Participant: 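A single structure is presented below for examination.
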Amino acid sequence: MISFKHARDLILTKVTTFGTEEVALENALGRILDENVFAPRDFPPFNRSAMDGIALRFADLQSGIKEFNGVETVFAGNLASKAIVSGECYKIMTGAPVPEYADTVIRFEDTSEKNGLIKVLADDFSLYQHIAQQGQDLKKAELAIKKGSAINIATIGLLASMGKSSVKIQKLPLVNIITTGNEVVDLNEQISTTHIYNSNKYVLKALLMQNLIEPKNCEHVKDELGTLKKAIQSNLNADILILSGGVSAGEADFIPTVLADLGAHKLFYKVAIKPGKPVWCGKLGSTMVFALPGNPFSCLVTFKLFVEFYIKACLGFQLENPECLPLNFNRTKKSSLDEFFPVNLKNGTLNKIDINGSGDVRLGFAANALAVQNADQREILKNNPVCYVSL
Ligand SMILES: Nc1nc2c(c(=O)[nH]1)N[C@H]1C(S)=C(S)[C@@H](COP(=O)(O)OP(=O)(O)OC[C@H]3O[C@@H](n4cnc5c(N)ncnc54)[C@H](O)[C@@H]3O)O[C@H]1N2
Ligand code: MOO
């Protein structure tokens with residue numbers, strides 16, 4: 001059995017890229033950019049009025065001029081055709097280019113207009129006030145977004161502002177899922193007292209969808225050596241194969257044997273964590289295989305700790321160190337394993353979530369984070385910091 005950290009380090013030795021693709025901007029949210037994007041023009045591209053008002057010469061205000069002749073109105077999208085001289089101003093609308101002859105904007109609210117003369121009521125003004133100056137956000141040819149950046153909402157807006165209708169991004173992995181177990185039936189199937197519904201299938205699919213991945217194939221297989229072998233072989237046409245169940249010590253837990261028979265290169269089998277100890281990980285041909293324990297909460301936890309970790313590392317997401325916050329209750333443990341438990345992060349503390357072990361179908365559903373009690377910490381007292389990952 002290896003430590004959690006050792007298991008993660010082994011996974012990192014298998015990090016690869018799934019290739020790149022060009023997608024329409026509207027499909028790029030949450031993905032990793034695979035190109036440097038340079039500003040195609042200055043932003044703003046011209047001195048832009050930030051207010052509806054009048055544009056005038058600051059020097060006039062400084063010399064005490066308070067009344068101005070409005071010579072032209074400049075709307076957003078238009079250019080002024082006249083040059084102003086001392087004592088003259090433009091009426092200008094938000095988003096319009098401030099003509100080169102003006103350098104200060106006064107809001108309409110701070111003016112009054114009578115007989116064509118516009119009076120400045122405010123006494124407090126500064127050069128370039130209410131003007132977003134050309135190139136103040138980005139200069140033409142400046143690196144606007146670095147290759148490897150995660151595309152968030154703001155990035156989508158910026159890319160659109162730069163006129164990018166499509167972007168080069170990291171491809172997502174192809175993922176297949178095989179759930180196992182004679183007692184496990186799909187929703188809508190006949191269920192008897194000793195049968196259970198296949199919740200892992202839906203949890204794994206949802207976890208992948210959370211990572212924007214739609215599984216390529218998803219099937220359920222009985223605990224039978226030959227059938228399992230065939231199913232695994234026919235699901236190696238993916239970057240990642242996720243198995244659930246059949247990895248522990250039971251007489252029908254065939255997965256580690258089948259994987260060995262198929263010539264898989266094992267990275268690890270059994271990690272010093274709870275839940276999820278019997279997790280198996282390795283490579284079969286070019287496919288990365290994660291065989292997760294069947295217990296629902298173990299399946300969820302090992303996906304987050306290992307499968308998602310691998311996917312994120314391959315895609316080039318920055319792997320952040322876990323954050324830590326005070327635990328709002330006392331927690332003791334008997335095992336000498338790293339124990340992961342569901343918590344609810346609220347108001348800066350980690351609050352208790354009821355869960356009866358890794359077979360609890362509730363999966364800690366009110367939880368929004370997974371906290372860890374390290375192997376050597378037998379007891380955590382209330383208000384002591386605990387590290388967690390978001391769910
Ligand atoms: N003698 C030992 N027994 C067990 C050990 C051990 O170290 N020694 N480890 C325990 C731990 S920890 C776990 S976790 C489980 C893992 O078992 P398996 O991966 O072999 O999974 P199964 O036995 O197939 O199932 C366990 C449990 O989960 C239910 N299950 C399975 N698949 C699904 C599914 N798709 N959807 C919902 N629920 C599922 C299954 O019915 C069982 O109740 O082993 C312990 N045993
Ligand atoms: O790892 Mo098992 O997941 O403790 O039940």
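Both counts, for ligands and for their atoms, begin at 1 and track the order of listing. Note that the structure is predicted; figures quoted are calculated from it, not measured. FYI, side chains are in, hydrogens and waters are out, and symmetry mates aren't considered; it's all heavy atoms of this structure.
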Participant: For the NZ atom on K352, are there more than 12 heavy atoms of other groups (residues, nucleotides or ligands in this structure) within a distance under 6.0 Å?
Facilitator: no
Participant: For S358, is at least one N or O under 3.5 Å away from an N or O on ligand 1?
Facilitator: no
Participant: Answer yes or no: does an N/O atom from S298 fall short of 3.5 Å to an N/O atom of ligand 1?
Facilitator: no
Participant: Between D52 and R107, is there a side-chain N and carboxylate O pair less than 4.0 Å apart?
Facilitator: no
Participant: Give the numbers and elements of all ligand 2 atoms closer than 4.0 Å to a heavy atom of N295.
Facilitator: 5 (O)
Participant: Looking only at N/O atoms, are N200 and ligand 1 under 3.5 Å apart anywhere?
Facilitator: yes
Participant: What do you reckon, does S199 have a nitrogen or oxygen under 3.5 Å from a nitrogen or oxygen of ligand 1?
Facilitator: yes
Participant: Nearest to atom 27 (C) of ligand 1 by heavy atom, D253, N295, N182, V203: which?
Facilitator: N295
Participant: For atom 2 (C) of ligand 1, which candidate among G357, S244, A249 provides the closest heavy atom?
Facilitator: A249
Participant: Between T179 and N198, is any side-chain donor less than 3.5 angstrom from a side-chain acceptor?
Facilitator: yes
Participant: Quiz question: by atom type and distance under 3.5 Å, do the side chains of Q170 and T20 form a donor-acceptor pair?
Facilitator: no
Participant: Quick one about D42 and Q134 (side-chain donor to acceptor, distance below 3.5 Å, no hydrogens or angles considered), yes or no?
Facilitator: yes
Participant: Are the aromatic ring centres of F309 and F290 under 6.0 angstrom apart?
Facilitator: no
Participant: For ligand 1, which atoms sit closer than 4.0 Å to a heavy atom of Y197?
Facilitator: 36 (N), 37 (C)
Participant: May I ask you to say whether K274 pairs ionically with D338, meaning some side-chain N is under 4.0 Å from a carboxylate O?
Facilitator: no
Participant: Using a 4.0 Å cutoff against the non-hydrogen atoms of N198, which atoms of ligand 1 qualify?
Facilitator: 34 (C), 35 (N), 36 (N)
Participant: Could you list which atoms of ligand 1 come closer than 4.0 Å to a heavy atom of S248?
Facilitator: 3 (N), 4 (C), 5 (C), 6 (C), 9 (N), 10 (C), 16 (C), 17 (O), 18 (P), 20 (O), 44 (O), 45 (C), 46 (N)
Participant: I'd like to know if E113 pairs up with K91 as an ion pair, taking the criterion as any Lys NZ or Arg NE/NH1/NH2 lying under 4.0 Å from an Asp or Glu carboxylate oxygen.
Facilitator: yes
Participant: Would you mind checking if E35 and K164 are paired as a salt bridge, meaning a charged N to carboxylate O distance below 4.0 Å?
Facilitator: yes
Participant: Can you name the one residue among T302, N200, N295, T180 that meets side-chain hydrogen bond (donor to acceptor under 3.5 Å, both in side chains) with S244?
Facilitator: N200
Participant: Please state which option from P278, G294, G246 has its nearest heavy atom closest to atom 24 (O) of ligand 1.
Facilitator: G246
Participant: I'd like to check whether P275 has a polar contact with ligand 2, where a contact means an N/O of the residue lying under 3.5 Å from an N/O of the ligand.
Facilitator: no
Participant: Quick check on T180 - does any of its heavy atoms sit under 4.0 Å from an atom of ligand 1?
Facilitator: yes
Participant: With atoms numbered from 1 as shown, which atoms in ligand 1 lie under 4.0 angstrom from a non-hydrogen atom of P293?
Facilitator: 14 (S), 16 (C), 19 (O)
Participant: Any salt bridge between E21 and R31, counting N to O under 4.0 Å?
Facilitator: yes
Participant: Quick check, are the ring centers of F297 and F341 under 6.0 angstrom apart?
Facilitator: no
Participant: Would you name the heavy atoms of F125 and K66 that are closest together and state the gap between them?
Facilitator: CE2-NZ, 4.1 Å
Participant: Look at atom 1 (O) of ligand 2 and say which protein heavy atom is nearest, naming residue and atom and giving the distance to 0.1 Å.
Facilitator: G276 N, 2.4 Å
Participant: Can you list the ligand 1 atoms lying under 4.0 Å from a non-hydrogen atom of K277?
Facilitator: 7 (O)
Participant: Would you mind listing which atoms of ligand 2 come within a distance below 4.0 Å of any non-hydrogen atom of K277?
Facilitator: 1 (O)
Participant: For V184, which part has a heavy atom under 4.0 Å from ligand 1: side chain, backbone, both, or neither?
Facilitator: side chain
Participant: Could you list the atoms of ligand 2 found under 4.0 angstrom from a heavy atom of S358?
Facilitator: 2 (Mo), 3 (O), 4 (O), 5 (O)
Participant: Nearest protein heavy atom to atom 40 (C) of ligand 1, by residue and atom, and its distance?
Facilitator: E183 OE2, 3.0 Å
Participant: Heavy-atom pairs closer than 4.0 Å: do any link ligand 1 to the side chain of I196, the backbone, both, or neither?
Facilitator: side chain
Participant: Within a distance under 4.0 Å of any heavy atom of S298, pick out the atoms of ligand 2 and give their elements.
Facilitator: 1 (O), 2 (Mo), 3 (O), 5 (O)
Participant: Hey, are E214 and K205 close enough for a salt bridge, meaning a charged N less than 4.0 Å from a carboxylate O?
Facilitator: no
Participant: Heavy atom under 4.0 Å from ligand 1: found in K274's side chain, backbone, both, or neither?
Facilitator: neither
Participant: For ligand 2, is there an atom lying under 4.0 Å from some heavy atom of P293?
Facilitator: no
